[in-house]
Amino acid sequence: MSYNPSQIEAKWQHIWEDEKAFEPSADKSKPKKYILSMFPYPSGRIHMGHVRNYAIGDALARYYRKASFNVLHPIGWDAFGMPAENAAIKHKLHPKKWTYENIDYMRGELSSLGLSFSKEREFATCDELYTQWEQEFIIKMFESGLLYRKSTHVNWCEECHTVLANEQVEEGCCWRCDNEVVQKEMPGYYIAITKYADELLGDLKKLEGKWPNQVLTMQENWIGKSQGLEFEFELTDESKAKLNNKFTKYKVFTTRPDTIYGVTYCALAPEHSIVKELVDNGSITGKMAQKITHLANMSERERSMMDKEGYPLDIEVIHPLTGENIPVWTANFVLGSYGGGAVMAVPAHDERDFEFATQYNLPIKTVISGRQNENEAHIGEGELIDSHDFNGLSSIQAKAKIIEMMENKGLGKATINFKLRDWGVTRQRYWGAPMPFVHCDSCGLVSEKLENLPIALPEDVEITGAGNPLDNHPTWKHCKCPKCGKDALRETDTLDTFVQSSWYFLRYATDPSKWKKEAINKEDISYWMNVDQYVGGIEHAILHLLYARFFTKALRDLGYFEGFDEPFERLLTQGMVLKDGAKMSKSKGNTVDPDAIIKEYGADTARLFILFAAPPQKELEWNDSAVEGAYRFIKKLYDRQNRVTLDKMPTIDHATLNKNEKEARLKVYEALQKSLHVYETSFAFNTLIAACMEALNALDRQDNEAVWGEGMFIILNLLEPIIPHIATQLSETLFGRKNLHTKIEILNEVFVKDSIILAISINGKRRDEIEVATEATEDEIIAKAKEVVAKWIEGKTIVKEIVVPNKLVNIVVK
RNA sequence: GCGGAUGUGGUGAAAUUGGUAGACACGCCAGACUUAGGAUCUGGUGCCUAACGGUGUGGAGGUUCGAGUCCUCUCAUCCGCACCA
């Protein structure tokens, strides 16, 4: 009978389902492994990236299950988000219906891959039961001061009537309607992730060697810690008057206190409140006021793309050390949201300050030695000059001394700043978890009572794309204040979908029987957490992984659990799947449909190809003929079942075997040895598969019944995590699946060789090889080596002879 | 600009971490079996050379008996951040 993947795969998928083969055990005394591939967004159909993601995770889960671990390998759906609303607009389908139908379809696709997921723990983040607990977290965060409401500048699309996340703004335009995105000041809810900046940064150290360096570096840069000096500039009396004494001073931050004597001007962000005051009170009028207002209304992104631009504000501050008056400008390169929105400008030693100073003819004063070129800033550190008492000090010394002096005089203090901003978590959209808050005229912003949760979405909505459907709904937002009982208005913003993915791994780790009663069960998660291996795309390097790390710490501090600070013990970032050198995408027309591949070749072939073609971390180039090659290997494996006549692991007297038989055993055991390293450390499935291919090739070169039996017994065991259907089928037929439930010991005897082949090189260049007995002495080896390479050493002087055991002989001649 | 990675045959990739470069595949070439084959099997296949041999891991140096692997410089490609004071 020839290999029939669709029949074999359907058969085993049914058996696994009937056996509930992949549900974790409740027995917490067993050693556990929590293997997690990032959950998918239910977009409608799976793509090759999913196949790769889940094939990797599944191989690990199956391996550890086979190695007698209690394995948690769950799946669920990241089910809230904009595409559902877009589909609603386009196809007049309710987002809920669209989402759950997609989930049903994709669940079918994933199960056709034979993935060993726990089905009992599956959920969608749009399930009301999930929303309920998420709303509880949000309320607790609000109560503890971690979540707050503020009004600030946000990306706003006039066409869609919604706030957009930074990643949804493409070159200044809305990703959906391509309308220009404007900056708008409006209220929103923020989670104070910056309170955890230090811990998020510090704990990256715990992940070193377990997470890819690239991700750690990206997170480090994103958090962006910098140390320096914060101090205040006092305005001159004249300037204070101009500001109607509403301001007397403002703060600046610098990482280069050593250049403080080089300050020649000051720059404020266009949206700085002092600038606003000057415009508002008429100190600045006409064109200049217009231009400044225009700058203030531009997004950071827009500003970053334009040339430097600024205007003198005609006010001055007093240098805290020299007492000199310093002019104050507003400049578009000063960020409003960092370091107080104001900088001390040292054009001699800062590129940006230099460029601006040159452009507007502002003075430049050198205070660090070594500035040779008048046409550029000298950014490096050096020795201080023209800096009063600090002359002659190195930058490093001066930084410390100046900070110390400023602190002693009460002029400033050592400060740490972060680039990380608080996380804006609300969206003016329908398909998300509603914010559990109520606006009351008497009580202000009030959180819902926990017993009223979940605050569910109304189903009878019309989604048109214009405005917020919750806000437009006739009745939904009208409610009673949970505090005073008066008429009040429900918050109509919904939560960012990144909130849901920030704790789903904790939910999986809680036994589903408890899902109604609690969000997270302490005991359950103390057993299952951390996730031992997390697998996902590099595109989540910052956002999701940072939010999830933060949420873990925040929930820990809210008392939901204790004992761990980081959610993901090890992280594997898989490479993209490419076709014709480019990322697969519908617009490029270079997609490969997983369903079609599974239909033509079967899931095992798809999985084998994907794991064989490249190591998981690297990009994977799709190759149709290499897929055929994977299929061919499986057919060959299927065919070789005919060579097996024993139904169990034989005992073999190694010494009695001939050369090819010994070689076959050697290859089989080499593959076995390799499998440990691959599954537990390197994840280089490609090399394990290659080793199995070599083993099968070697088995083909001999026909010892016992060697065949042993070889297939082991190879099927090693390949089961990769090609589970065919491996289980053959294991069942040949060995009653005993080979899948046995720990196979590595036999050292097969690695012992009768003779060794040594390479012979002259001056490091390989010339020939010899075969010697294992027990041959070094002298014997050298003597034999010299015979073989006689023509190369003739007439030369031998300087040195090096014998590397089991490897080679190197003869150095002159 | 800053940061991170990656450069090995026609292609995807290996190389036990300093010890025979190119395992295993794809492709290609030749042959066998076939009415036929995009099926299957066998053999070959880094490059130059008729051969002896030479040469070869982006490039240039260096350390070493010996370097894909270590060091210095350099080039190219990809990714991330991008005026963070």
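In what follows, every chain begins at residue 1, and chains take the letters A, B, ... in the order their sequences are listed.
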Can you figure out which of [options] approaches the side chain of [X] most closely?
X	options	answer
A/Phe333	B/U20, B/U55, B/C83	B/C83
A/Phe612	B/G12, B/C65, B/U55	B/G12
A/Gln214	B/C83, B/A25, B/C79	B/C79
A/Asn213	B/C81, B/A13, B/A5	B/A5
A/Arg766	B/A21, B/G54, B/A85	B/A21
A/Met218	B/G80, B/G19, B/U20	B/G80
A/Asn810	B/U20, B/G80, B/G66	B/G66
A/Ala690	B/A13, B/A23, B/G66	B/A23
A/Leu808	B/G53, B/A13, B/U20	B/U20
A/Met693	B/A15, B/C24, B/C81	B/C24

OP1 or OP2 of [N] sitting under 4.0 Å from any side-chain N/O of [X]?
X	N	answer
A/Lys807	B/U20	no
A/Arg632	B/C26	yes
A/Ser226	B/A85	yes
A/Asn697	B/A25	yes
A/Asn686	B/G12	no
A/Lys800	B/C65	yes

Taking atom [atom1] in both [N] and [M], what distance in whole Å separates the two?
N	M	atom1	value
B/G68	B/U63	P	16 Å
B/A60	B/A23	C1'	31 Å
B/C26	B/C33	P	23 Å
B/G22	B/A5	C1'	23 Å
B/G61	B/A67	P	14 Å
B/U77	B/G66	P	35 Å
B/C83	B/C2	C1'	12 Å
B/A32	B/A15	P	38 Å

Distance, nearest 0.5 Å, that separates [atom1] of [X] from [atom2] of [Y]:
X	Y	atom1	atom2	result
A/Leu420	A/Ile542	CG	CD1	10.0 Å
A/Ile402	A/Leu229	CD1	CG	8.5 Å
A/Ile610	A/Gln574	CD1	CD	9.0 Å
A/Glu309	A/Met298	CD	CE	8.0 Å
A/Arg632	A/Leu608	CZ	CG	12.0 Å

Both distances below 3.5 Å, Watson-Crick or wobble geometry, any strand: find the nucleotide opposite [N].
N	value
B/G66	none
B/G38	none
B/U77	B/A5
B/G43	B/C29
B/G56	none
B/A14	none
B/A21	none

Over how many whole Å does the gap from [X] atom [atom1] to [N] atom [atom2] extend?
X	N	atom1	atom2	result
A/Glu778	B/C65	CD	C1'	14 Å
A/Asn763	B/U64	CG	C1'	13 Å
A/Asp768	B/C52	CG	P	14 Å
A/Asn221	B/G4	CG	C1'	9 Å
A/Ile538	B/C79	CD1	P	12 Å
A/Glu539	B/G80	CD	P	10 Å
A/Leu420	B/C81	CG	P	14 Å
A/Trp329	B/A85	CH2	P	23 Å

Reckon [X] touches a base, only the sugar-phosphate, or nothing at all at heavy-atom distances under 4.0 Å?
X	value
A/Arg767	sugar-phosphate
A/Val346	nothing
A/Thr255	sugar-phosphate
A/Met306	base
A/Glu355	nothing
A/Glu694	sugar-phosphate
A/Pro615	sugar-phosphate

Ring centroid separation A/Phe356 to A/Phe333 under 6.0 Å: yes
Centroid separation A/Tyr311 to A/Trp329 less than 6.0 Å: no
Base B/U40 to side chain A/Lys636, donor-acceptor N/O within 3.5 Å cut-off: no
Side chain A/Lys308 and base B/C83 donor-acceptor under 3.5 Å: yes
Syn/anti state for B/U40 [syn: chi within 90° of 0]: anti
Of A/Asp700 and A/Gly629, the one whose closest RNA chain B nucleotide lies more 5': A/Gly629
Closest-nucleotide ordering on RNA chain B, the 5'-leading residue of A/Val804 and A/Lys765: A/Val804
Ionic contact status for A/Arg701 with A/Glu694, cut-off 4.0 Å: no
More than 12 heavy atoms from other groups under 6.0 Å of CG on A/Asp307: no
A/Val809 backbone acceptor or donor facing A/Ser761 side chain under 3.5 Å: yes
